[in-house]
Amino acid sequence: MIDREFLSELQDCYPAKASLVMPLLHQLRSRDGHISEKGILEISDLTGLSPVFIRGVSTFYSFYPHRPVGRYLIQVCRNVACLSMGADPLIGYIIKKYDFRPLASPEDHSLYSYGPDPSLISLMITECIGACGIGPAMLVNDRLYGRLNKEEIDRVFSGLLSGSGPVDINDLNIEVFPLKPESLLLRTLDCLDLYSYTQRGGYSAIKKALSMRPEEIIEIVKRAGLRGRGGAGFPTGMKWAFARQDRKAPKYLIVNADEGEPGTFKDRVLLGRTPHLIIEGMLIGGYAVGASKGFIYLRYEYPEIVSILERAIEEARREGLLGKNILGTSFNFEVILHRGAGAYICGEETALIESIEGRRGQPRIRPPFPVNSGYDGKPTVVNNVETIANVPVIVSLGPEAYSLIGSKEAPGPKLFSISGVKRPGVYELPMGIKLRELIDMAGGPLSGTLKAVIPGGLSTPVLGAQELDCPMDFAGLQSHGSMLGTGGVMVFGEDQCMVRLTMRAMSFYRHESCGKCTPCREGTGWLENILKRIEEGRGSIEDIALLEEVSKNIAGKTFCALGDAAACVVQAMLRKFLKEFEEHISLKGCPYHEGMESLQ
């Protein structure tokens, strides 16, 4: 049975009973290994919600398996960054050497059972797990493995098959390169406990903020010029002001830690290596907008961060930094950690709110916007992890000093995740640095000469080798036909096949489409099938025009930006690498991956 004490704690966290569904499904999966019909009925009895509703929620998310899986669930990333670093041959190696067999059900095409003993190991070929800086990467239950090769895979399997369990194979730290001469966002890196964080000046910004009026803090954030770091780039101070001005109560602050954009792993570093910075930023933001409760919506694929955040939240609560009458003032604020379950679409703020409310993560029609009608119909501010991390920096430095960093159009430091290079990692640099300079710092492409760069995560249009002298800020990349996005930079050398990369990108968007909009739901799969034909040598010259037509019929015709992203990826690849598509068609196959098994 589900622990009644756990249920009682959950009820104190959420105003609506539907919000209990995802935490209860997580506990069910942890207990039973999968979501059974009996478990769904158990949750129904506890919450009073219908089994149909609970089943509808559970089937939406990728990491609520509805059939038994092995004691060890291996999830290997196949997305674009890991693909470019050799993921496909490694996946083929695992399947062949260890006798993994695909499950018969078509919806489980990416799930395999271990032939000799299906109850021991299951294999899932999955999308990005936010470890592009150490790719190729995989998860074994809750343990992350990166920088994989055949020898290290054999060591992992040796541990699993011998009964000793998952083993340590290498250093999995994502390399971090702080701003020089003095770091701002990474100054408290690896200060995991409250004492070490305060020793480096932590929680001084909230003390300063509580001596000011909330409206003053909002004005400071506006003057600093902070814009959202999650992709859209909306002015943070303006968003806060809209929520502050709304008279409805209570108000909420949500940190979007559902870092699902392929190529992006900066928030993983912030959450896992300086958790108190995020809590302090939330405290300041909550005080400024008048919120009494905050949520951290953490992506499922970051299991190691759960305990880090839980400890940090408990420490802050114990020291009077969370709860009632914080630091002797009338300010009350609580933080709830809410774990996602594998849905890229929940990075969109209204889909994220739907998910916290216990429903399928599908975007809402806007207006109304979350700042006026968000969680539980109340004013809600949703900020990215990196955006919130900038807030204590702004309060400590002052808006004038902060605005001198980076470009005039978009001030401040920026965390860039970069992969496909000799020195991958997270680079803290002034906003507006030239793309070429960033790539040079990272040592250039892994092999050969540079062929292409995706500058801001998978959803941003690709740039060619001749376009590297553009500033890495909102206006600079827009002038080159792309976007800053999350700042997830993926570099591809001359040996990479652009058709295969585009096909894998469309596979991702098809898999992650929430299904609400017909153009996205049907169009992404159509694009994937056309690209698969071309990659496998079955394409015709008419397919290129068809790619253009289908992508144009998706762009601008969906509730959220997922459909737009899929369309612009295809259109940009055709503009920059049309000859490569034509070559595949004329040669009736891929000149880059001849003889390689296609993993769809």
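Keep in mind the model is a prediction, meaning the values are calculated, not measured.
- Rounded to the nearest 0.5 angstrom, Tyr344 OH and Ser513 OG are separated by 11.5 Å.
- Checking side-chain atoms of Glu428 against main-chain N and O of Pro178 turns up no donor-acceptor pair under 3.5 Å.
- Test Leu527, Thr524, Asn529 against Arg510 for side-chain contact (heavy atoms from CB on, under 4.5 Å) and you get one pass: Thr524.
- Between Val421 and Val489 there is no side-chain heavy-atom pair separated by less than 4.5 Å.
- Side chain of Thr387 to backbone of Arg229: a donor-acceptor contact under 3.5 angstrom is found.
- Between the side chain of Lys588 and the backbone N or O of Arg538, no donor-acceptor pair lies under 3.5 Å.
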Worksheet item: Taking it one step at a time, do Cys497 and Glu580 satisfy side chain to side chain contact (heavy atoms under 4.5 Å, CB included)?
Response: CA-CA 8 Å; Cys497 171; Glu580 203 161 306; 4.2 Å; yes
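- Rounding to the nearest 0.5 Å places CD1 of Ile585 at 6.0 Å from CG of Asp543.
- With a 4.5 Å cut-off on side-chain heavy atoms, Asn383 and Lys239 count as touching.
- At most 12 heavy atoms of other shown residues, nucleotides or ligands fall within 6.0 angstrom of atom NZ in Lys552.
- Heavy atoms of other residues, nucleotides or ligands lying less than 6.0 angstrom from CD of Glu182 number 12 at most.
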Practice prompt. Start with the C-alpha gap between Arg436 and Asp469, add the side-chain angles, then the distance that decides, and say whether salt bridge (charged side-chain N to carboxylate O under 4.0 Å, His left out) holds.
Written response: CA-CA 6 Å; Arg436 184 184 302 278; Asp469 291 314; 2.8 Å; yes
Item to complete: Quick one: do Tyr112 and Ile94 satisfy side chain to side chain contact (heavy atoms under 4.5 Å, CB included)? Show the steps, please.
Response: CA-CA 11 Å; Tyr112 296 75; Ile94 292 171; over 6 Å; no
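- The structure places CD1 of Ile418 at 7.5 Å from CG of Leu435, a figure rounded to the nearest 0.5 Å.
- Note on residues 415-467: pairs passing ring-ring contact (aromatic ring centres under 6.0 Å, His included), not counting sequence neighbours, are Phe177-Tyr427.
- Taking OG from Ser482 and NZ from Lys576, the interatomic distance works out to 7.5 Å, rounded to the nearest 0.5 Å.
- Across all non-hydrogen atoms, the minimal contact from Glu301 to Cys128 is OE2-O, 4.2 Å.
- For Tyr300 and Tyr61, the ring centers are positioned 6.0 Å apart or more.
- With a 6.0 Å radius and a threshold of 12 heavy atoms from other residues, nucleotides or ligands, Ile541 has its CD1 atom above the threshold.
- Thr126 and Gln75 form no side-chain donor-acceptor contact under 3.5 Å, judged by distance and modelled atom types alone.
- Between Leu415 and Leu270 there is a side-chain heavy-atom pair separated by less than 4.5 Å.
- Between the side chain of Glu348 and the backbone N or O of Pro363, no donor-acceptor pair lies under 3.5 Å.
- In terms of heavy-atom proximity, Ile353 sits nearest to Pro370 at CD1-CB, 3.8 Å.
- Tyr64 places a side-chain N or O within donor-acceptor distance of the main-chain N or O of Met22, the cut-off being under 3.5 Å.
- The minimum heavy-atom distance linking Leu463 with Pro455 is given by the pair CD1-CG, 4.1 Å.
- For the residue pair Arg521 / Thr518, a side-chain donor-acceptor distance below 3.5 Å is found, with atom types taken as modelled.
- In this structure, Glu409 places its CD atom where more than 12 heavy-atom neighbours from other residues, nucleotides or ligands lie under 6.0 Å away.
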Worksheet item: What's the verdict on side chain to side chain contact (heavy atoms under 4.5 Å, CB included) for Lys266 and Glu386, showing C-alpha distance, side-chain angles and the deciding distance?
Response: CA-CA 8 Å; Lys266 62 184 177 64; Glu386 186 186 353; 3.0 Å; yes
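- No side-chain donor-acceptor contact under 3.5 Å links Asp88 to the backbone of Leu83.
- Contact between Met483 and Ser459 at its shortest, heavy atoms only, is CE-O, 3.6 Å.
- Taken to the nearest 0.5 Å, the CE atom of Met431 stands 6.5 Å off from the OG atom of Ser407.
- Under the 4.0 Å criterion applied to side-chain N and carboxylate O atoms, Glu304 and Arg268 are assigned as salt-bridge partners.
- Counting all heavy atoms, side chain and backbone alike, Glu175 lies closest to Pro424 at CB-O, 3.5 Å.
- Looking at Glu582 and Lys579, their side chains come closer than 4.5 Å, going by heavy atoms from C-beta outward.
- The two residues Arg423 and Gly443 have their closest heavy-atom pair at NH2-N, 3.4 Å.
- Atom CG in Asn384 sits 11.0 Å away from atom CG in Asp258 (nearest 0.5 Å).
- Contact check for Met506 versus Val569: side-chain heavy atoms found under the 4.5 Å cut-off.
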Item to complete: Could you please spell out the steps behind the side chain to side chain contact (heavy atoms under 4.5 Å, CB included) verdict for Lys516 and Arg360?
Response: CA-CA 11 Å; Lys516 187 169 186 174; Arg360 296 162 72 89; over 6 Å; no
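- Side-chain contact check for Leu309 versus Ile278: every heavy-atom pair is 4.5 Å or farther apart.
- A cation-pi arrangement, defined by a distance under 6.0 Å to the six-membered ring centre and an angle within 45 degrees of its axis, is present between Arg227 and Phe474.
- Under the side chain to side chain contact (heavy atoms under 4.5 Å, CB included) criterion, Ser84 pairs with Phe492, Gln496, sequence neighbours left out.
- Side-chain contact between Met138 and Leu90 is absent, with no heavy atoms from C-beta onward closer than 4.5 Å.
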Item to complete: Go through the steps to decide whether Glu261 and Thr486 satisfy the test side chain to side chain donor-acceptor pair (under 3.5 Å), and finish with yes or no.
Response: CA-CA 8 Å; Glu261 184 67 29; Thr486 60; 5.8 Å; no
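- For the pair Pro411/Ile405, no side-chain contact is recorded, criterion being any heavy-atom separation below 4.5 Å from C-beta on.
- Remark: Arg299 qualifies as a cation-pi partner of Tyr302 under the 6.0 Å distance and 45° angle criteria applied to the six-membered ring.
- For the pair Glu259 (side chain) and Asp267 (backbone), a donor-acceptor distance under 3.5 Å is present.
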